[in-house]
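First comes the structure, then the notes that go with it.
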Protein chains: 2
Amino acid sequence: MADVANRAGVSAMTVSRALKEGSRVSKATREKIMAAVNDLGYVLDQSAGSLSSRKTGFVAAIVPSINNSNFADTARGITDELESTGLQLLLGYTEYTTEKEEKLIEAMLRRRPEGIILTGGAHTDRARRMLKSAGIPVVETWELPAKPIDQVVGFSNEEAMGLLVKTLAAKGYRKFGYIGGTTSRDTRGSQRREGFIKAIEELGLSPGHLVSFGVPPISIEQGGQAVVSMLERWPDTEAVLCVSDLSAFGALMECQRRGMRVPEDIAIAGFGDYEVAAFCHPGITTMNVDCYGIGQQAARRLIQVIRGGEKKRGQEIFLTAYRVIERGST
Amino acid sequence: MADVANRAGVSAMTVSRALKEGSRVSKATREKIMAAVNDLGYVLDQSAGSLSSRKTGFVAAIVPSINNSNFADTARGITDELESTGLQLLLGYTEYTTEKEEKLIEAMLRRRPEGIILTGGAHTDRARRMLKSAGIPVVETWELPAKPIDQVVGFSNEEAMGLLVKTLAAKGYRKFGYIGGTTSRDTRGSQRREGFIKAIEELGLSPGHLVSFGVPPISIEQGGQAVVSMLERWPDTEAVLCVSDLSAFGALMECQRRGMRVPEDIAIAGFGDYEVAAFCHPGITTMNVDCYGIGQQAARRLIQVIRGGEKKRGQEIFLTAYRVIERGST
DNA sequence: CTGTTAGCGCATTCAT
DNA sequence: ATGAATGCGCTAACAG
């Protein structure tokens, strides 16, 4: 920066100002400075700047998996919302474990983010402590944690899955099955499973058939394997609900491969409204979730606190929309 | 950090050393320090540290889209490879435009990454200049740029698509069609298209039918629309190759919906070996690309230069593997 | 093994 | 509108 200042014949301070929009520098000097910046190919060193200004311009976000279009959409929502503010996203993924999350949180806090967005409400105790002492706004997303840390942007996975069950029950299905992962690692998955069980109870139906399958992410292949287990143990199952559209798609393909008609022989529903669910044949009935909006809202809430200087705020909860999308598979 | 030093009864420097593994601090002092760190919930401020040490611990990576499992895999490969080194990934996506890439590069260079990974070889002039003056190792991935900036980890999309065409020709197909996006924005897409055209020529077949469709990412829905255009204009097409498995899947579903048999009435092939291609029915013949390995290798090459202090290196090119996966759709 | 001194490259604050 | 002094929180380099 000193080089630029020399070349432009001004002080470093003036260069600093010229490079920061919104500060008063005369047009002539600014032009001289910009020319020098261009000639030298100078790029501001933000790590130095943030040390001085005590604002890093970072926002951290942690998702379970980057290779999942639902969470990728959330990440997009965050980035897009941050873009206009000059905040930059530090993205990490936990592979669905709180241990990895804890490590990630620590690594990110070392970068002094001005806010942090988490997925879900399951965190290690140490992670909670670190977040608390970091003194930055925290947004938990994608579910409604029992003990929120700070703000929440999400929806009840339990209720959403319950709604899906009831929608299918209204169409006449009675014998339900559920395909999902093991419960401990994927809290959203287990909430959906709970929602399934409760809805069946409320409807006064005989208990649903549950097939737990592997650790998340439950993918297409596992969905196919799971539906096979389901049909072997409970051949009379009328409708299978899956923890996500990927497993639902796997189940659908496997059933068709075995010559079963969907939905006549067996109905299949998913969760998440992935693109594949809309265009496979038949289309998969699913629960649409506002993934992108979750990211947008989460970022927006952080920005309010960070840039707006908003001080007092309780543990606000922002509910995001979900809705059943009925397609040919049910 | 001063607080920690006080509490432990040592100097700040000793705390700094204790927090950095690989430095010699007596076991007793280290324990005292760790206790103080724990009590105070202290987390190292890496932005300050990196200013002093002139090492930020950042690596930047820029991909076209985060919501694409191929690039998500590459990002995973990078992160996983970086993990053990303590380097942290700054990830950005361009939405397939060099303008957005230029902005991203500038934003990332402000963070002083120690290396940068790009997708493809198409960059604006300013981006090239900025990268050059940044003085950090650059790895271009996913293709073989005509004018590499520095290192390259990728493969020839042209050759790969050519190989796919020849594989199908060997099975007896003669009248080929190609579905892809407009050429300017997605260089890998246009290289694949070129590879298609050249292979057809080399085989001495009549020119392939080309349907260009929209801007990337060409998705499932557009694949379905494109195959409709194809069949309307050239109903005699025997085999359709698609720029990616997503469009191939869309085409497959659309054909089936129209009562066509795949591959008997029309053969369909994709590119990228997405999970959906393996589990739909019939499975989609495709080109498997080592997405994860591209990320791994790219990161590995950066690490060699960054940590190994390796100085002189030319414009090395590291070729990654690809192979045809034949499935039921052809 | 530990402490001291200095400075990383900026922005804040106060001058002019 | 511009400049000068100061310090952000840490680590490199050297001393002990």
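All values below were derived from every heavy atom in this structure, side-chain atoms included, with hydrogens, water molecules and symmetry-related copies excluded. Chain letters run A, B, ... following the sequence lines, proteins first, then strands; residues in each count from 1. Predicted model only: the values in this text are computed from it and were never measured.
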* **Sugar-phosphate, base or nothing in reach of B/Met13, heavy atoms under 4.0 Å** =>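 Base contact.
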* Could you check whether B/Thr29 gets within reach of a base, just the sugar-phosphate, or nothing at all, counting any heavy atom under 4.0 Å? =>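 Counting heavy atoms under 4.0 Å across all strands, the contact made by B/Thr29 is with sugar-phosphate only.
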Rounded distance (Å) that lies between atom [atom2] of [N] and atom [atom1] of [X]:
X       : N      : atom1 : atom2 : value
A/Lys20 : C/dT13 : NZ    : C1'   : 13 Å
A/Lys55 : C/dG9  : NZ    : P     : 23 Å
B/Asp45 : D/dC8  : CG    : P     : 12 Å
A/Met1  : D/dT2  : CE    : C1'   : 13 Å

When you measure from the side-chain N and O atoms of [X] to the phosphate of [N], is any distance below 4.0 Å, counting only OP1 and OP2?
X       : N     : value
A/Ser26 : D/dT2 : yes
B/Arg54 : C/dG9 : yes
A/Thr14 : D/dG3 : yes

* Hey, are A/Arg110 and B/Asp45 close enough for a salt bridge, meaning a charged N less than 4.0 Å from a carboxylate O? ->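 Result for this pair is no, no salt bridge flagged.
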Hey, does the side-chain of [X] have a donor or acceptor N/O within less than 3.5 Å of a partner on the base of [N]?
X       : N      : answer
A/Ser53 : C/dA11 : no
A/Arg17 : D/dG3  : yes
A/Ser52 : C/dG9  : no

